[in-house]
Amino acid sequence: MYRLRAAVAATAVLLLSLTACGNDGAKSGGDGPDSIEIGALSIVDTAPVHLAVSHGFFAKNGISAKITPVQGGANSAPGVVSGQFDFGFSNTTTLLTAREQGLPLKAVANGVSSTGQAGPGKDYSAILVPKDSSIRSAKDLPGHNIAVNQLQNIGDTTIRAAVRKASGDPGKLRFTEIPLPDMAAALAAGRVDAVWTVEPFQTQTVDQGARAVCWPFAEAVDNLTVAMYFTSEKLLRENPGLVKRFTTAINQALAYARTHPEAVREELGTYTKIPPSVIHRIVLPKWPTEINRASVQAVADLARKDGVLKRPADVGALLP
């Protein structure tokens, strides 16, 4: 969230210049397809947008898409507003925070969802601890130091919610920001007591002897919409037809990913560095075509309770 706030000021200058020149983002090739650029993380969650390119879902909807890897959703949000990207992918908390900070973003399609099932091998995000740890469930987490990849975001928000549901005290949780690829080493070295992670790091950390004790996405909110695809209000206003075709293509890819898990695993080998031996064992998330509006509101309420959001979120302004 702190990185996002720092980006807002710089983005404001870009917004003024873009408004003055009337840039509408997507480039039209006359009678050909519209060329767009999408800012998205190279992670398991974004498999459908890559399938939309490789399996022709964009092409069938008159779109030529370029996917540009970004380091996080906090990078794609300012990029979309500034016109660097036409569309982006980011988690729900980051998008809610972006709206609160004044970035005129609009969700246009579901991105990825929790499986909604807690238990070993049932969801793609979990809290892991050393095999000999005394931590057995979310209720045992207060008083311990937990690694998250970004402070005051969807990780610690859902962890606090899971602890509350388990009758624990979320006020006694301690969080340390560590990049996802470095968490397994930090756990093994005893720098933290637990790590919150997602696939493929979940499977790789378990391979190194860790065990799962909590599944915050599944335990915190029913059928959680974890992330969404979004665009700028400017592009939505100036080229609504393009946005509609983008959403159609993404929904077709989401439906395909949901019913063709092996195609997803094959696609992961084309844009990630996940070892093949791990790709075929990771827990895949869910890719429904519908945004779970109730879950987005629940995340907004949790973020407000924890002070991540400074005022009640206008969820309707973010969602389509």
Side-chain angles (χ1 to χ4, degrees), residues 41-47 69 71-73 91 112-151 153-160 162-163 166 168 173-220 224 226-227 261-262 264-286:
L41 293 83
S42 296
I43 56 176
V44 174
D45 309 41
T46 56
Q71 293 301 310
N91 78 65
V112 67
S113 300
S114 164
T115 66
Q117 300 179 47
K122 292 185 177 181
D123 200 20
Y124 79 111
S125 174
I127 293 179
L128 307 176
V129 299
K131 187 175 294 186
D132 59 356
S133 171
S134 62
I135 301 171
R136 296 291 169 180
S137 70
K139 188 175 182 178
D140 300 325
L141 290 171
H144 294 282
N145 190 9
I146 307 164
V148 293
N149 69 321
Q150 188 175 349
L151 295 172
N153 209 280
I154 197 164
D156 48 17
T157 294
T158 53
I159 292 168
R160 289 188 183 97
V163 169
L173 293 168
R174 303 198 311 273
F175 294 103
T176 297
E177 187 172 280
I178 297 176
L180 289 168
D182 300 333
M183 285 187 180
L187 186 66
R191 289 173 49 203
V192 291
D193 303 310
V195 297
W196 168 81
T197 192
V198 295
E199 293 289 16
F201 307 106
Q202 177 177 257
T203 293
Q204 291 173 316
T205 308
V206 169
D207 284 349
Q208 296 177 36
R211 58 179 173 82
V213 296
C214 176
W215 296 264
F217 283 171
E219 294 179 22
L224 174 65
V226 176
E262 289 311 311
V264 169
R265 295 181 193 277
E266 183 177 348
E267 191 71 26
L268 289 173
T270 69
Y271 71 92
T272 74
K273 297 180 180 180
I274 306 173
S277 60
V278 176
I279 284 178
H280 293 286
R281 293 187 293 115
I282 62 173
V283 180
L284 296 178
K286 280 188 175 180

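The side-chain heavy atoms of Asp140 and Val213, taken from C-beta on, include no pair separated by under 4.5 Å. At a threshold of 4.5 Å between non-hydrogen side-chain atoms, the residues Leu128 and Met183 do not count as touching. Within the 4.5 Å cutoff, side-chain heavy atoms of Ile282 are placed close to those of Leu268. You'll find the side chain of Val195 stays beyond 4.5 Å of the side chain of Phe201, heavy atoms only. Using a 4.5 Å cut-off on side-chain heavy atoms (C-beta onward), Leu284 and Arg265 make contact. Inter-residue side-chain proximity for Ile274 and Val44 is flagged as met; some heavy-atom pair is nearer than 4.5 Å. Contact check for Pro275 versus Gln204: side-chain heavy atoms found under the 4.5 Å cut-off. Between Lys122 and Val283, every side-chain heavy-atom pair lies at or beyond the 4.5 Å cut-off.
Val163 and Pro142 make their closest contact through CG1-CG, 3.8 Å (heavy atoms, listed as atom of the first residue, atom of the second, distance). Smallest separation of non-hydrogen atoms from Ser125 and Pro216: O-CD, 4.4 Å. When every heavy atom of Gly116 is checked against every heavy atom of Ala218, the shortest pair comes out as C-CB, 3.7 Å.
A distance of 12.5 Å separates NE2 in His280 from OG1 in Thr203, rounded to the nearest 0.5 Å. Separation of atoms CD1 (Ile178) and CG (Leu151) is listed at 10.0 Å; rounding is to 0.5 Å. The line from SG of Cys214 to CD1 of Ile146 is 8.5 Å long, rounded to the nearest 0.5 Å. In this structure, CD1 in Ile279 is found 4.5 Å from OG1 in Thr272, a value given to the nearest 0.5 Å. In this structure, the separation between CD1 on Ile154 and CG on Asn149 is 10.5 Å, given to the nearest 0.5 Å. Atom CD1 of Ile127 sits about 8.5 Å away from atom CD1 of Ile135, to the nearest 0.5 Å.
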- Message: Could you walk me through whether Lys273 and Ser42 satisfy the side-chain contact (heavy atoms from CB on, under 4.5 Å) test, starting with their C-alpha distance in whole Å, then the side-chain angles of each, then the deciding distance to 0.1 Å, before giving a yes or no?
- Response: CA-CA 9 Å; Lys273 297 180 180 180; Ser42 296; over 6 Å; no
- After noting the C-alpha distance and the side-chain angles of Val129 and His144, does the key distance pass the side-chain contact (heavy atoms from CB on, under 4.5 Å) rule? CA-CA 11 Å; Val129 299; His144 294 282; over 6 Å; no
- Chi angles and distances behind the side-chain contact (heavy atoms from CB on, under 4.5 Å) call for Gln202, Thr197: CA-CA 6 Å; Gln202 177 177 257; Thr197 192; 4.1 Å; yes
- Residue pair Val198, Ile43: steps toward the side-chain contact (heavy atoms from CB on, under 4.5 Å) verdict: CA-CA 10 Å; Val198 295; Ile43 56 176; over 6 Å; no
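Annotation for Arg191: atom CZ does not count as buried by contact number, only 12 or fewer foreign heavy atoms lying within 6.0 Å.
Side-chain atoms of Asp123 come within 3.5 Å of backbone atoms of Thr115 as a donor-acceptor pair (strictly under, hydrogens ignored). Using modelled atom types, one side-chain atom of Asp193 and one backbone atom of Asn145 make a donor-acceptor pair closer than 3.5 Å. Judged by distance alone, with hydrogens and angles left aside, the side-chain atoms of Thr158 form a donor-acceptor pair with the main-chain N or O of Gly155 at under 3.5 Å. The backbone N or O of Trp215 lies less than 3.5 Å from a partner atom in the side chain of Glu219, making a donor-acceptor pair. Not a single donor-acceptor pair under 3.5 Å links the side chain of Thr205 to the backbone N or O of Ala184. Under a 3.5 Å cut-off, the side chain of Thr270 and the backbone N or O of Glu267 do form a donor-acceptor pair.
Relative ring orientation between Tyr124 and Phe217 is described as tilted, the plane-to-plane angle lying within the 30° to 60° band.
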